[in-house]
Novice: 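Before I ask anything, let me first share the structure, which is written out below as structure tokens.
In this text, all values refer to a predicted model and were calculated from it rather than measured experimentally.
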Amino acid sequence: MRPFPEPDPGEPALGSPGRYLLWLASAHRVSAALAVGHGVLCTLAQAFVPAAIGRGIDRGLVAGDRGALVAWCAAVLGLGVVQAVTGTLRDRCSATNRFGAAYRTMQLVTRKAAQLGAELPRRVSAGTVVSVGATDITRIGAALESTARGGGAVVSVAVVAGVMLTVSWQLGLVALVGVPLSAAAVAALMRLLHARQHELRKEQGALADLAVDIVDGLRVLRGIGGERVFADRYRERSQRVRHEGVRVAGVESSVAAGRLLLPGLLVAVIVWLGAHLVGTGRMSPGALVAFYGYAVFLAEQLRRATTMVDQLTRAFVAARMVTDLLVMEPGLGSGDRDLGAEGARGPLRDPGSGLEIPPGRFVAVVCDRPDEMLLLADRLGRYVDSPVTLGGTPLADLPLAEVRRRILVVDHDARLFSGGLAAQLDPHGPAGGPGNGSGNGSPNGSGDGGSDRLRRALDTASGHDVVEALPEGLGQEITGGREFSGGQRQRLNLVRALLADPDILVLVEPTGALDAHTEGRIAERLGAHRQGRSTVVFTSSPILLDRADHVVLVEEGTVVAEGRHGELLADARYRAVVSREVTTA
């Protein structure tokens, strides 16, 4: 399939749900126009079938003219062929519109998520993002698909009403009055449905948020016996969703009843009035049959039109959630200053805390509070605004992409993605390239002989046993890392960070879930692996602290002591943070 053109991020249509839907339609204007055109031709062909049948009855059966009967039967057959061909083309174009709109929306949402980066979880809940990807995009595509059938229905209703007026103004007037009244009644229900669906969508997002929290913290919940508390909380929230769903279902049932009842009443009125006209000689039997066909046809097209309105209503709610995400702008600005080779070799310094990372050193940072570690790591990586400088140049003055390339922050929330393990560890290297779809269970089981870089990173992170335990080694398809324990995920995340090989690597508690022996091997090899590049490890583990070139103690957000691990043990403040680990070592 030909790639869709890149959407314009500055397009003003992204500002509101209605404009966004119109923008999507204009982005697929050719296929949308073809879909509506084929839809109109298909429904018109179907609309003229009752007229052809009525003429065949009057001029063939009633008049006893076999030739006329055959001719009108051929006309009915021709209309059926036109209906079949145009209906197929309509559905083909509609499918293109549906998947095109969904794909384009997914492009925009994914790009916005990548643009927001680490800001996304701070500004939008995980459940909202999941709901946008799982539900809202599908509804937007379905709405664009429905315009072909719905547009054809609207045009055909107008044409058939005009035909009915020319044949019998009484029946035509009934149709012209009855169809809008039926549509207005259903539209009133649609407005109520729109409000209820919006409330249901909010409750579903909140429930998805809770589900994500439970899944992420399941191990901890089991450890503290909190499953029942969260189960009760989830049950309460799901009952609220069920209650809103029942309210929506009540309105939907009323809409469905209106779609059937109102057109049915209209058909009954038209047939009764037509029969009266035939009985008084003011209408032929064939015309009555045609009018009955028109009435049934109008009822069906009215249902299609209301279905289109229903789909557009759902899409409007979905588009509101999408546009709320798309209009978000990153809070961090990007500078345009050139760092230069000299600045790249300078120290990374945080004036706010006094923390300074000399180039090419393995520095360990001990904080008196766990939340202080994450805050300092975010400051050093410029995930929050801060006066941090690199080689004397403020990070705020550098292009954000340059900062991300030179400084990599890996915290304990770092995740693996779904896909081949080799590609997750080294997406830009030979381990993540083509040819790694199969493995033999060894660390080099990607099928291409493995990579020296990958092998060395696995050795440093003590991750060979993790890969060897997988049936297909590096070629194993993983599902976001859920098949690994906490310690295994930490080691694989460390492998990925080492393969990225940034100028400055910032690790937050990289060995918190490991046993002492594994942690000791990593501590012994990490400094040598990163020789010549800066490495910052936020930890309170004496095993890592003992291997660091330099240790910094941060208390209340300020550096209060520096030196080697052995030297700092004489400081009571330092011992207060690491003493538990020292006494149990």
Novice: Which residues pass the side chain to side chain contact (heavy atoms under 4.5 Å, CB included) test with R242, not counting sequence neighbours?
Specialist: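 If we apply the side chain to side chain contact (heavy atoms under 4.5 Å, CB included) test to R242, skipping adjacent residues, the hits are Q239, V246.
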Novice: Tell me, please, which residues at least two apart from E524 pass salt bridge (Lys or Arg N to Asp or Glu O under 4.0 Å).
Specialist: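 Applying salt bridge (Lys or Arg N to Asp or Glu O under 4.0 Å) to E524 gives none.
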Novice: Looking only at heavy atoms, which two atoms of A377 and V508 are closest? And how far apart?
Specialist: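 Residues A377 and V508, closest heavy atoms: CB-CG2, 3.7 Å.
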Novice: Go through the steps for R455 and H464 under the test side chain to side chain contact (heavy atoms under 4.5 Å, CB included), then give the verdict.
Specialist: CA-CA 8 Å; R455 192 180 303 112; H464 284 291; 4.1 Å; yes
Novice: Counting only heavy atoms not in D336 (residues, nucleotides, ligands), do more than 12 fall under 6.0 Å from its CG?
Specialist: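 At most 12 heavy atoms, drawn from other residues, nucleotides or ligands, come within 6.0 Å of this atom.
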Novice: Could you pull out all residues at least two apart from D371 that satisfy salt bridge (Lys or Arg N to Asp or Glu O under 4.0 Å)?
Specialist: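 Scan of D371 (salt bridge (Lys or Arg N to Asp or Glu O under 4.0 Å), adjacent residues dropped) gives R369.
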Novice: From L505 CG over to L498 CG, what is the distance, rounded to the nearest 0.5 angstrom?
Specialist: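 Here the interatomic distance stands at 6.5 Å.
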Novice: Treating S534 as the side-chain partner and G360 as the backbone partner, does any N or O pair qualify as donor plus acceptor under 3.5 Å?
Specialist: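 Such a contact is found between S534 side chain and G360 backbone.
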Novice: Could you pull out the closest heavy-atom pair between V577 and S540, with the gap in Å?
Specialist: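 Of all heavy-atom pairs spanning V577 and S540, the closest is CG1-CB, 4.2 Å.
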Novice: Any sub-3.5 Å donor-acceptor pair from Q490's side-chain atoms to A513's backbone N or O?
Specialist: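 Indeed, once roles are kept as given, a pair shorter than 3.5 Å links the two residues.
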Novice: Applying salt bridge (Lys or Arg N to Asp or Glu O under 4.0 Å), name anything that partners R521, two or more places apart in sequence or on another chain.
Specialist: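 Residues passing salt bridge (Lys or Arg N to Asp or Glu O under 4.0 Å) with R521: none at all.
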Novice: Do side-chain atoms of R453 reach the backbone of L499 as a donor and acceptor pair under 3.5 angstrom?
Specialist: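 Yes.
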Novice: Do D503 and L390 have side chains that get closer than 4.5 Å, going by heavy atoms?
Specialist: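 D503 does not reach L390 side chain to side chain.
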Novice: If the condition is side chain to side chain contact (heavy atoms under 4.5 Å, CB included), which residues does R404 pass it with, not counting sequence neighbours?
Specialist: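 If we apply the side chain to side chain contact (heavy atoms under 4.5 Å, CB included) test to R404, skipping adjacent residues, the hits are L332, R382, Y383, L400.
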Novice: Can you tell me how far CG of L395 sits from OG of S334, rounded to the nearest 0.5 angstrom?
Specialist: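 Separation between the atoms: 11.5 Å.
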Novice: If a pair satisfies side-chain hydrogen bond (donor to acceptor under 3.5 Å, both in side chains) and one of its residues is in residues 543-554, list it, with sequence neighbours excluded.
Specialist: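 Applying side-chain hydrogen bond (donor to acceptor under 3.5 Å, both in side chains) to every pair that reaches into residues 543-554, excluding sequence neighbours, yields H550-E562.
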Novice: Identify the two heavy atoms, one from P351 and one from P387, that lie closest to each other, and give their separation to 0.1 Å.
Specialist: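 Residues P351 and P387, closest heavy atoms: CD-O, 3.3 Å.
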Novice: Would you please name every residue forming a side chain to side chain contact (heavy atoms under 4.5 Å, CB included) with D324, sequence neighbours left out?
Specialist: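 Expected list: R320.
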Novice: Kindly determine whether F538 and V409 satisfy side chain to side chain contact (heavy atoms under 4.5 Å, CB included), including the steps that lead there.
Specialist: CA-CA 11 Å; F538 287 89; V409 178; over 6 Å; no
Novice: Nearest 0.5 Å please: distance from the CG atom of L355 over to the CZ atom of R379.
Specialist: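 So the CG of L355 and the CZ of R379 are separated by 9.5 Å.
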Novice: By side chain to side chain contact (heavy atoms under 4.5 Å, CB included), which residues pair with R98, not counting sequence neighbours?
Specialist: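 Residues passing side chain to side chain contact (heavy atoms under 4.5 Å, CB included) with R98: T138, A142, E145.
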Novice: Atom CG in L398, atom OG1 in T393: separation rounded to 0.5 Å?
Specialist: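 Nearest 0.5 Å value for the CG-OG1 distance: 6.0 Å.
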Novice: Using side chain to side chain contact (heavy atoms under 4.5 Å, CB included), reason through R496 and V410 one step at a time and then give a plain yes or no.
Specialist: CA-CA 10 Å; R496 183 171 58 183; V410 181; over 6 Å; no
Novice: Do P394 and R337 have side chains that get closer than 4.5 Å, going by heavy atoms?
Specialist: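 Yes; the side chains approach each other to less than 4.5 Å.
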Novice: If I take atom CG from residue L494 and atom CG from residue L526, how far apart are they, to the nearest 0.5 angstrom?
Specialist: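 L494 atom CG to L526 atom CG measures 6.5 Å (nearest 0.5 Å).
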Novice: Indicate yes or no: at least one non-hydrogen side-chain atom of V554 is less than 4.5 angstrom from one of V365.
Specialist: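 They are in side-chain contact.
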Novice: Under the side-chain hydrogen bond (donor to acceptor under 3.5 Å, both in side chains) rule, collect the residues that match up with T389, sequence neighbours excluded.
Specialist: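 Checked T389 against side-chain hydrogen bond (donor to acceptor under 3.5 Å, both in side chains); zero matches.
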Novice: Could you tell me whether the side chain of E329 reaches within less than 4.5 Å of the side chain of K112, counting heavy atoms only?
Specialist: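 Side-chain contact under 4.5 Å: yes.
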Novice: When you measure from the side chain of Q476 to the backbone N and O of E472, does any donor-acceptor pair fall under 3.5 Å?
Specialist: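 Yes; at least one donor-acceptor contact below 3.5 Å.
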Novice: Restricting to non-hydrogen atoms, name the atom on R573 and the atom on A561 that form the minimum distance, rounded to 0.1 Å.
Specialist: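 Between these two residues, the closest heavy atoms are NH2-CB, 4.3 Å.
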Novice: Indicate the atoms forming the closest heavy-atom contact of V551 with A548, along with that distance.
Specialist: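 Shortest heavy-atom separation between V551 and A548 comes out as CG2-CB, 4.2 Å.
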Novice: Please check: side-chain N/O of E567 versus main-chain N/O of R564, any donor-acceptor pairing under 3.5 Å?
Specialist: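 A pair under 3.5 Å: yes.
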Novice: Just so I know, are the side chains of L569 and V578 near enough to count as touching, which here means a heavy-atom distance under 4.5 Å?
Specialist: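 Counting from C-beta outward, L569 and V578 do come under 4.5 Å.
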Novice: Rounded to the nearest 0.5 Å, how far apart are CZ of R104 and NE2 of H28?
Specialist: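 If I round to the nearest 0.5 Å, the distance is 4.5 Å.
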Novice: Side chains of L116 and P330: does their closest heavy-atom pair fall under 4.5 Å?
Specialist: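 In contact.
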Novice: Side chain to side chain contact (heavy atoms under 4.5 Å, CB included), that's the test. Do C367 and L376 meet it? Break it down for me.
Specialist: CA-CA 9 Å; C367 297; L376 275 175; 4.0 Å; yes
Novice: Can you name the residues that form a side-chain hydrogen bond (donor to acceptor under 3.5 Å, both in side chains) with R456, not counting sequence neighbours?
Specialist: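 For R456, no residue satisfies side-chain hydrogen bond (donor to acceptor under 3.5 Å, both in side chains) once neighbours in sequence are set aside.
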Novice: If I compare all heavy atoms of V403 with all of G381, which pair ends up nearest, and what's the gap?
Specialist: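 That closest heavy-atom pairing would be CG1-O, 3.9 Å.
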Novice: For R530, enumerate each residue passing the salt bridge (Lys or Arg N to Asp or Glu O under 4.0 Å) test, keeping only those at least two apart in sequence or located in another chain.
Specialist: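 In terms of salt bridge (Lys or Arg N to Asp or Glu O under 4.0 Å), with neighbours along the sequence ignored, R530 is linked to D501.
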Novice: Just jot down the side-chain hydrogen bond (donor to acceptor under 3.5 Å, both in side chains) partners of D368, sequence neighbours excluded, or say none.
Specialist: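 Counting only residues at least two positions away or on another chain, D368 forms no side-chain hydrogen bond (donor to acceptor under 3.5 Å, both in side chains).
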Novice: Is the shortest heavy-atom distance from the side chain of T518 to the side chain of R491 under 4.5 Å?
Specialist: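 The answer is yes, as the side chains (C-beta and beyond) meet within the 4.5 Å cut-off.
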Novice: So do I504 and R406 actually touch side chain to side chain, heavy atoms under 4.5 Å?
Specialist: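 They are not in side-chain contact.
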